Visitor: 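Sending over a structure as structure tokens; questions will come in a sec.
The structure displayed is predicted, hence computed values, not measured ones.
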Amino acid sequence: MTAREGDRPALVGLHIAVLAAFAVSQPLFELVARNVEFLVAHQVDSVDVGWIALGLGVGVPGVLAAVAWGIAKLLGPNSQAVTGGWVACGLAAIALPGLESMGANRGLEFGAAAALGVVGAIAYLRVAPLRAFVTLLTPALLLFPVLFLWNVAGVVGEPRSWTSVAAGSMGPKSDVPVVVVVFDALPLNSLLDDEGSIDLVRHPHFAALAERATWYYNATTVAERTTYALPAILTGQYPDQVRVATAAEYPENLFTLLATERSLNVIEPFTRLCPPELCDPNDSRGERLESIASDLVVLYLNRLLPDGASETLPDVTTTWKNFGGIQRSDGIRRRRADASWIFAQFLDRIADRGSLADQVTDESRPTLDFIHVNLPHRPY
């Protein structure tokens, strides 16, 4: 084996890593950066974002490169066919999403992507300048995660101190407990009977509440999207559709306003307006990263496969996380997909009068109990 042949396994591994970066890492980096609500819903912090960048930018290309290097090392000069297969798969994965916009049927899209992959792989094996060009693309392995971190830096920005916000608030103090329940996508018409009143048969508890409370019949949200409507509800400010729903972007909100005088019981499944030091994330870091990894797999498959081929995949258009609805027999992960279970935990915490804020754990104080529950939402 010549010296050049001896270096080939390392070069093959490098090239497979580059193709993986363009086929897998960069599309997911771009998708998440354009939809930062995904990160907000997962309640990520700077460490979580770092792990995402490391996993997608280094882990995925690195694992595929190591496998390709190992096979090339084992087979030596006889590994060209396997290398060509790797390259064909990578090029096909890069090409397939773009072919969907051509409006061809599913079979033609897969066939065209496969043909492009095979032709590209043959050219890669036979044309040395093309292999040199792939080598020149190596900086992308570093560039893609760096750009991702730059683009999502605002999501994990540090909010203004909640104590300074609370100290600047004015108004009378009250010992009355406050409970706020936000139902997601609940049309008023679905609650009414033929006479325009709350349907006593279908919704007896809403009807009972309306009998004893002030019902603002014409009240509505100021935005259709949850990530704009929730900040408006909790801040009294019109959403500008630029800021994301975090405490860093909206430091003056209901939670920071009442934090010094009330114990907080807060469940925010898709926003993070309560500062982390007041409201700990619902999941541990390990659980968050596992959920993120699962959702990224679903997102990638939805992006990669044509519409007809992705019909059996979980829907990614009605929520920002837990697309697969992961369940476990011990019930630990039921919180991911079961809104009724989440609401039961909220009620239990009201009964226990527990506080999520270590700095303000005086149970004799009044409480602020808040939950945004993803019900009824669509599809009904």
Side-chain angles (χ1 to χ4, degrees), residues 32-33 35-52 149-171 178-182 184 221-223 225-285 287-288 291-292 319-321 342 346 349 354-361 365 367-374:
V32 173
N35 299 274
V36 293
E37 294 89 350
F38 175 85
L39 299 176
V40 175
H42 282 281
Q43 298 184 319
V44 301
D45 56 21
S46 57
V47 176
D48 296 331
V49 171
W51 276 112
I52 295 171
L149 292 173
W150 175 270
N151 290 329
V152 303
V155 178
V156 292
E158 291 297 325
R160 182 153 56 98
S161 172
W162 64 270
T163 53
S164 64
V165 174
S169 63
M170 301 294 291
V178 175
V179 179
V180 180
V181 179
V182 179
D184 201 294
T221 59
V222 297
R225 293 184 61 173
T226 298
T227 49
Y228 300 148
L230 257 293
I233 292 172
L234 291 170
T235 66
Q237 303 174 19
Y238 280 100
D240 55 21
Q241 301 188 7
V242 175
R243 292 181 288 178
V244 293
T246 65
E249 298 282 6
Y250 294 94
E252 297 179 347
N253 60 60
L254 182 66
F255 308 127
T256 57
L257 180 69
L258 300 180
T260 57
E261 63 180 76
R262 292 177 180 271
S263 298
L264 302 182
N265 171 25
V266 177
I267 295 180
E268 289 182 279
F270 304 115
T271 57
R272 202 178 185 187
L273 292 161
C274 190
E277 61 267 32
L278 294 177
C279 303
D280 295 331
N282 295 327
D283 296 328
S284 67
R285 188 180 308 282
E287 290 173 331
R288 291 200 303 275
S291 176
I292 290 169
T319 185
W320 289 106
K321 64 178 181 178
I342 295 174
F346 174 71
R349 284 153 62 167
S355 171
L356 294 179
D358 293 337
Q359 296 91 338
V360 288
T361 54
R365 299 186 310 161
T367 58
L368 167 62
D369 299 292
F370 174 92
I371 184 172
H372 167 214
V373 58
N374 198 37

Visitor: With a 3.5 Å distance limit and no angle check, can you tell me whether Asn151 reaches the backbone of Ala33 through a side-chain donor-acceptor pair?
Guide: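 The answer is no, because no donor-acceptor pair under 3.5 Å joins these two groups.
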Visitor: How many angstroms lie between CG in Leu273 and OG1 in Thr227, if you round to the nearest 0.5 Å?
Guide: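 Reported to 0.5 Å precision, the distance equals 10.5 Å.
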Visitor: Check whether any side-chain heavy atom of Ile267 lies under 4.5 Å from a side-chain heavy atom of Ile342, and answer yes or no.
Guide: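 Yes, side chains in contact.
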Visitor: Could you tell me if the side chain of Cys274 sits less than 4.5 Å from the side chain of Glu268, heavy atoms only?
Guide: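 A side-chain contact exists here, since the closest heavy-atom pair is under 4.5 Å.
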Visitor: Who passes side-chain contact (heavy atoms from CB on, under 4.5 Å) against Val36, sequence neighbours left out?
Guide: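 Partners of Val36 under the side-chain contact (heavy atoms from CB on, under 4.5 Å) test: Val152, Val155, Val244.
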Visitor: Please list all pairs meeting salt bridge (charged side-chain N to carboxylate O under 4.0 Å, His left out) that have one or both residues in residues 226-235, counting only residues at least two apart or in different chains.
Guide: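 Qualifying pairs: none.
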Visitor: Could you list the residues that satisfy side-chain hydrogen bond (donor to acceptor under 3.5 Å, both in side chains) with Thr246, not counting sequence neighbours?
Guide: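 In terms of side-chain hydrogen bond (donor to acceptor under 3.5 Å, both in side chains), with neighbours along the sequence ignored, Thr246 is linked to no residue.
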Visitor: Which residue pairs pass the salt bridge (charged side-chain N to carboxylate O under 4.0 Å, His left out) test when at least one of the two sits in residues 40-50, sequence neighbours left out?
Guide: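 Of all non-adjacent pairs touching residues 40-50, those that pass salt bridge (charged side-chain N to carboxylate O under 4.0 Å, His left out) are Asp45-Arg285, Asp45-Arg288, Asp48-Arg285, Asp48-Arg288.
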Visitor: Quick one: does Pro275's side chain get under 4.5 Å of Thr256's, heavy atoms only?
Guide: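 Touching, per the 4.5 Å side-chain cut-off.
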Visitor: What residues, two or more places apart in sequence or in another chain, satisfy side-chain hydrogen bond (donor to acceptor under 3.5 Å, both in side chains) together with Asn374?
Guide: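 Residues passing side-chain hydrogen bond (donor to acceptor under 3.5 Å, both in side chains) with Asn374: none at all.
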Visitor: With sequence neighbours excluded, tell me which residues meet side-chain contact (heavy atoms from CB on, under 4.5 Å) with Leu254.
Guide: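 Counting only residues at least two positions away or on another chain, Leu254 forms a side-chain contact (heavy atoms from CB on, under 4.5 Å) with Val180, Leu234, Leu258, Leu368.
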Visitor: Any sub-3.5 Å donor-acceptor pair from Thr235's side-chain atoms to Gln237's backbone N or O?
Guide: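 Side chain of Thr235 to backbone of Gln237, a donor-acceptor pair under 3.5 Å: yes, one is there.
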Visitor: So do the side chains of His372 and Thr226 get within less than 4.5 Å of each other, counting heavy atoms only?
Guide: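 The answer is yes; the side chains approach within 4.5 Å.
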Visitor: Side chains of Tyr228 and Val222, heavy atoms from C-beta outward: is any pair under 4.5 Å?
Guide: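 In short, these two side chains do not touch, never coming nearer than 4.5 Å.
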Visitor: Check side-chain hydrogen bond (donor to acceptor under 3.5 Å, both in side chains) between Arg225 and all other residues, then give those that pass, not counting sequence neighbours.
Guide: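 Applying side-chain hydrogen bond (donor to acceptor under 3.5 Å, both in side chains) to Arg225 gives Glu37.
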Visitor: For residues Pro239 and Ala223, report the shortest heavy-atom separation together with the two atoms involved.
Guide: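 Heavy atoms of Pro239 and Ala223 come nearest at CG-CB, 4.1 Å.
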Visitor: Please tell me if the side chains of Val266 and Leu278 come closer than 4.5 Å, counting only heavy atoms from C-beta onward.
Guide: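 Counting from C-beta outward, Val266 and Leu278 never come under 4.5 Å.
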Visitor: Considering only heavy atoms from C-beta outward, does the side chain of Asn265 approach that of Thr367 to under 4.5 Å?
Guide: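 When only atoms from C-beta onward are counted, Thr367 and Asn265 do not touch, as no gap falls below 4.5 Å.
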Visitor: How long is the straight-line distance from CD1 of Ile292 back to CD1 of Ile52, given to the nearest 0.5 Å?
Guide: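 Those atoms lie 4.0 Å apart.
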Visitor: Answer yes or no: is there a donor N or O on one side and an acceptor on the other, between the side chain of Arg272 and the main chain of Val44, under 3.5 Å?
Guide: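 Yes.
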Visitor: Within this structure, what is the CZ-CD1 distance for the pair Arg349 and Ile371, rounded to the nearest 0.5 Å?
Guide: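 Answer rounded to 0.5 Å: 8.0 Å.
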Visitor: Taking ring-ring contact (aromatic ring centres under 6.0 Å, His included) as the definition, give me every residue that meets it alongside Phe370, ordered by chain and number, with sequence neighbours left out.
Guide: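 With neighbours one apart ignored, the set is Phe255.
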Visitor: Could you check whether any side-chain N or O of Thr271 sits under 3.5 Å from a backbone N or O of Ala245, counting only pairs where one atom can act as donor and the other as acceptor?
Guide: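 A pair under 3.5 Å: no.
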